[in-house]
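Position 1 is the first residue of the sequence, and the numbers go up from there.
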Amino acid sequence: MGELLGVAVLGAGHMGADHIRRLNRVVSGARVAAVADPDAARAEEAVAGVEGASVHTEAEAALDAPGVAAVLIASPGPAHEEALLAAFARGLPVLCEKPMVPDSAGALRVLEAEARLGRRLAQIGFMRRYDAEYRGLRALLADGRLGQPLMLHCTHRNVSSPPGFTSAMLIDSSVSHEIDAARWLLGQEVTAVTVLRPRPSSGAPQGLLDPQFVVFETDGGALVDVEVFVNSGFGYQVRCEAVCEAGSARIGDDHGMLVTTRGLAGTDVPQDYLVRFAGAYDRQVQAWVDATRRGRVTGPTAWDGYAASVVAEAGVRALEDGTRVTVDLAPRPALYG
């Protein structure tokens with residue numbers, strides 16, 4: 001297909017550095033042309049050994065760097081709106097890590113900006129859509145063999161939360177993946193959110209409401225519950241069970257190598273999302289690169305990013321107020337079907 005796609009990566013932290021590695025070593029058809037991070041030393045470290053990548057401390061400088069034809073946004077969520085709008089202004093296709101924009105008002109501004117262009121430029125990084133198990137579950141639900149889906153039971157556990165992690169972030173950072181996965185698996189929009197709180201785990205930092213039990217209602221009459229527990233202490237686990245009229249299906253049961261020794265049997269439990277979803281991230285970025293080189297934009301849309309932000313914001317209100325909160329989405333632009 002000719003010349004490699006030159007990508008500017010915005011953000012060189014944990015996620016950004018992993019994407020730089022992926023573009024440099026795993027994905028075909030692309031190269032890292034520029035990297036931007038406010039911490040120049042961190043950016044330099046992330047591109048060590050990457051030939052031809054320029055380093056910048058300002059996002060727009062990276063977008064304007066020679067050879068840049070596409071953008072991968074892996075900076076913190078509050079920086080996404082400005083970066084997306086800057087990419088749109090330059091006509092650059094974008095893969096933006098979730099959340100597209102953390103607050104619903106900002107997400108709506110991005111949605112409307114892309115709609116005014118009359119063409120898609122943004123793919124949002126809901127990588128579970130590229131996970132083999134999630135794709136298999138969606139195909140099973142779509143073919144109707146199990147009848148109409150009635151409920152999704154979801155589990156989202158982390159080993160521990162990073163410094164500064166708040167009770168609201170359990171929803172707008174962690175559960176945001178379940179928001180998109182539920183919408184995608186069911187083909188339905190979330191209409192209301194309720195958050196229930198058991199007593200906090202003794203393993204959670206002081207003041208953090210962890211775990212939480214989140215319930216979504218959908219416009220198709222399904223219920224989705226999510227147990228989110230970010231200080232489980234033992235591993236990273238993501239599971240989903242669909243209960244339908246004529247059967248059920250479950251994914252995420254960690255069916256890896258079984259080791260038996262001295263009266264014990266067990267399997268490894270992933271300790272990080274970059275381990276559990278490594279294949280999904282690889283497929284997501286490869287699909288984005290392939291589509292971009294063909295002049296196309298595929299995958300989760302800005303509408304998906306906007307809807308997730310609105311639902312997450314409603315979930316945070318439900319957490320804080322202890323009430324059931326309805327979800328109010330703006331009219332869906334024709335660009336998104």
Side-chain angles (χ1 to χ4, degrees), residues 1 4-37 46-47 50 53 59-60 62-63 65 67-77 79-102 107 110-111 113-114 117 119-131 176-177 180-181 184 273-274 277-309 335-336:
M1 294 175 63
L4 298 178
L5 179 72
V7 180
V9 180
L10 308 185
H14 189 53
M15 190 76 258
D18 192 59
H19 278 313
I20 291 168
R21 174 199 62 80
R22 180 171 290 107
L23 287 165
N24 189 46
R25 301 181 186 177
V26 179
V27 170
S28 63
R31 67 181 184 90
V32 179
V35 174
D37 193 282
V47 297
V50 179
E60 293 203 16
L63 300 187
V68 170
V71 187
L72 196 160
I73 300 175
S75 50
H80 288 186
E81 180 181 357
E82 183 178 355
L84 281 160
L85 295 178
F88 291 171
R90 291 162 173 79
L92 293 171
V94 187
L95 173 58
C96 180
E97 276 296 337
K98 67 86 187 169
M100 182 179 81
V101 179
V110 168
L111 180 77
E114 189 181 51
L117 293 174
R119 62 189 178 106
R120 284 191 58 194
L121 285 176
Q123 174 179 328
I124 311 306
F126 291 116
M127 82 296 180
R128 291 192 192 175
R129 298 191 184 201
Y130 296 86
D131 177 71
S176 61
H177 279 295
D180 182 71
W184 179 65
Y273 62 94
L274 293 180
F277 287 110
Y281 279 113
D282 291 348
R283 284 186 287 273
Q284 171 190 243
V285 176
Q286 186 66 70
W288 174 67
V289 168
D290 290 345
T292 301
R293 295 180 75 201
R294 294 194 302 269
R296 299 180 57 205
V297 180
T298 60
T301 68
W303 173 262
D304 296 315
Y306 162 73
S309 293
L335 178 63
Y336 307 106

Check for a donor-acceptor pair, side chain of D304 on one end and backbone N or O of T301 on the other, with a separation under 3.5 Å.
yes
Could you state the interatomic distance from CZ (R283) to OH (Y130), rounded to the nearest 0.5 Å?
11.0 Å
Check whether D37 reaches the backbone of A12 with its side chain - one donor and one acceptor, N or O, closer than 3.5 Å.
yes
Going from CG on L111 to OG on S309, what distance comes out if it is rounded to the nearest 0.5 angstrom?
10.5 Å
d(Q284 CD, T298 OG1) to nearest 0.5 Å is 10.0 Å
Result for side-chain contact (heavy atoms from CB on, under 4.5 Å) between V32 and one of V68, V50, L72, V7 points to V50
Does V297 offer a backbone N or O that forms a donor-acceptor pair with the side chain of Q123 under 3.5 Å?
no
Return the minimal non-hydrogen interatomic distance between A36 and A59, and the atom names on each side.
CB-CA, 3.9 Å
Please report the shortest heavy-atom distance between T292 and A70, naming the atom on each side.
CG2-CB, 4.3 Å
Distance col, row H177:NE2 vs F277:CZ, nearest 0.5 angstrom, shows 7.5 Å
Atom pair NE2 (H19) and CG (N24), whose distance is rounded to the nearest 0.5 Å:
14.0 Å
N/O donor-acceptor pair under 3.5 Å between E114 side chain and A122 backbone:
yes
If we ignore hydrogens and angles and just use 3.5 Å, is the side chain of H80 paired with the main-chain N or O of V101 as donor and acceptor?
no
Do you know which two heavy atoms are closest between L10 and A83, and how far apart they sit?
CD1-CB, 3.8 Å
Of all heavy-atom pairs between F88 and A113, which one has the smallest distance, and what is that distance?
CD1-CB, 4.1 Å
Give a yes or no answer on whether the side chain of R90 reaches the backbone of A86 with a donor-acceptor pair at less than 3.5 Å.
yes
If you round to the nearest 0.5 Å, how far is CH2 of W303 from CZ of R120?
13.5 Å
If the condition is side chain to side chain contact (heavy atoms under 4.5 Å, CB included), which residues does R31 pass it with, not counting sequence neighbours?
L4, A33
Any salt bridge linking D290 with R294? Criterion: basic side-chain nitrogen under 4.0 Å from a carboxylate oxygen.
no
How about CD on Q286, more than 12 heavy atoms from neighbouring residues, nucleotides or ligands closer than 6.0 Å, or not?
yes
